[in-house]
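Step one of this worksheet: look at the structure below.
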Protein chains: 2
Amino acid sequence: MQEAEKYSRYSFLLDKTARRVKQYAKQRFRELGWTITIDQWAVLKQLYDKGELNQRELASNTFKDHPTMTRIIDLLKTKELIERKPHPGDRRSFMIALTTGGKTMVEECLPEVQKIRMKAWDNLSEKDFQEFKRILESIHQNLS
Amino acid sequence: MQEAEKYSRYSFLLDKTARRVKQYAKQRFRELGWTITIDQWAVLKQLYDKGELNQRELASNTFKDHPTMTRIIDLLKTKELIERKPHPGDRRSFMIALTTGGKTMVEECLPEVQKIRMKAWDNLSEKDFQEFKRILESIHQNLS
DNA sequence: TTAATTTTGTTGCTATACTAATAATTAATA
DNA sequence: TATTAATTATTAGTATAGCAACAAAATTAA
């Protein structure tokens, strides 16, 4: 393999694998009859773990841009899993909070989500995890 | 960190990094004034390396689904970088071929694309590449 | 050879991703 | 204070990404 081409191939493999992981999760969500997507799940989980956040914080934590977050929030609101509450000190902003239904949903889905996530890591060791994490963070760093 | 949560975090990191790599390439393409996307590039490069292919083969090689490939091909055709030629032995199928303009474009862009791709891998060693490749392939395998 | 099945590609629908432009509000500064 | 700049969120437009349903053609089976 040509040296210069190698990097393209690794980039492609990264993209391909990330897509597969996402697709697998999507497929499992469907099979479980869940009405949310993986990206919507990530927002619900954030709110479950950290409490009320505004859209900027949610976008920042999930590394999504603001328009994308607006739309995810809209969809979750339609499903009555979250609510937009006025921000006490800033009229531009909303505090996003889980509804009771949203909280219940997170608690019910969490174990299954963890199973879905673990599936990807079969036959990989703790050391692999550490290496993988280090390399991904290095790549992300290089492009920031 | 809880053990079960760890896997979700690695999945997130994988997704986040893959998005960053794609976003970086997209941004550089724009800065260079190129009118194609990264995914369109991948198709052009395939055709450049392997000659004429049908849409099924292109989709399979890039791990994209058929509808997505149809749309990418449509856009590349509009830009007159590729052409759909009738398949000699199968009237359902097209042979997709680079136009002269498409071939020129690949040759002009290739060095810069390689630079863009290499940027991600600064400060990573040959051993890192091998580990990374092994782990990604293992993950992909686990979900197939 | 007819009928059933598979393959190839398209269209429609929903959701993310990114850019640009905009509105409303808040913060900074002259 | 008045003006300017920055922040928060939205809307619009384009491009993947995936699923389902479909049409046309080719292949297989009866």
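In what follows, every heavy atom counts, from backbone to side chain, and hydrogens, waters and symmetry copies are set aside. Every chain is numbered from 1, with letters handed out A, B, ... down the list of sequences.
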B:Thr70 side-chain N/O to C:dT10 phosphate OP1/OP2 under 4.0 Å: yes
OP1 or OP2 of D:dA17 under 4.0 Å from side-chain N/O of B:Lys22: yes
Flag for A:Gln130-A:Glu126: side-chain donor and acceptor within less than 3.5 Å: yes
5' precedence on DNA chain D between A:Ser93 and A:Gln27 (nearest-nucleotide basis): A:Ser93
Separation of atom CD1 in B:Ile96 from atom C1' in C:dG9, rounded to whole Å: 10 Å
B:Asp74 vs B:Arg84, salt bridge (charged side-chain N to carboxylate O under 4.0 Å, His left out): CA-CA, chis, key distance, verdict: CA-CA 9 Å; B:Asp74 285 346; B:Arg84 277 191 173 96; 3.0 Å; yes
Base D:dA12 paired with A:Arg71 side chain (donor-acceptor, <3.5 Å): yes
Whole-Å gap separating P (C:dA17) and CG (A:Asp15): 12 Å
Among D:dG18, D:dA15, D:dA26, the nucleotide that comes nearest once only the side chain of B:Arg91 is considered: D:dA26
Atom-to-atom span, CD1 of A:Ile38 to P of C:dT16 - whole angstrom: 8 Å
First of A:Arg56 and B:Asp90 reached from the 5' end of DNA chain D, by closest nucleotide: A:Arg56
Side-chain N or O of B:Arg30 closer than 4.0 Å to phosphate OP1/OP2 of C:dA20: yes
Minimum-distance nucleotide (side-chain atoms of A:Gln40 versus D:dA20, C:dA15, D:dT10): C:dA15
Distance-only side-chain donor-acceptor flag, B:Gln114 / B:Arg117, under 3.5 Å: no
Atom pair distance, as rounded to whole Å: CG in A:Asn54 and P in C:dA24: 20 Å
Note: A:Asp39-A:Lys26 ion pair, threshold 4.0 Å (strictly below): no
B:Gln27 and B:Arg30: CA distance, side-chain angles, deciding distance, side-chain hydrogen bond (donor to acceptor under 3.5 Å, both in side chains) verdict: CA-CA 5 Å; B:Gln27 182 188 321; B:Arg30 278 184 67 83; over 6 Å; no
OP1 or OP2 of C:dT7 under 4.0 Å from side-chain N/O of B:Gln55: no
C:dT8 base / B:Arg92 side chain donor-acceptor hit below 3.5 Å: no
Atom-pair distance (CG on B:Asp65; C1' on C:dA15), nearest Å: 14 Å
Phosphate-side-chain proximity, A:Lys64 and D:dA9, N/O vs OP1/OP2 below 4.0 Å: no
For atom CH2 of B:Trp34 and atom P of C:dT19, their distance in whole Å: 17 Å
Pairwise 5' ranking along DNA chain C for B:His66 and A:Asp39, keeping only the more 5' one: B:His66
Sugar-phosphate only, base, or nothing, as touched by A:Thr68 at under 4.0 Å among non-hydrogen atoms: base
Separation of atom NZ in B:Lys85 from atom P in C:dT8, rounded to whole Å: 19 Å
Sugar-phosphate only, base, or nothing, as touched by A:Arg84 at under 4.0 Å among non-hydrogen atoms: sugar-phosphate
Sole candidate of A:Gln40, A:Lys77, A:Gln55 that passes side chain to side chain contact (heavy atoms under 4.5 Å, CB included) when paired with A:Ile72: A:Gln40
Phosphate contact (C:dT16 OP1 or OP2) by A:Thr37 side-chain N/O below 4.0 Å: yes
Value in whole Å for how far the P atom of D:dA15 lies from CG of B:Asp74: 11 Å
Nucleotide nearest A:Lys26 (side chain, heavy atoms from C-beta), chosen from C:dT10, D:dG18, D:dT10: D:dG18
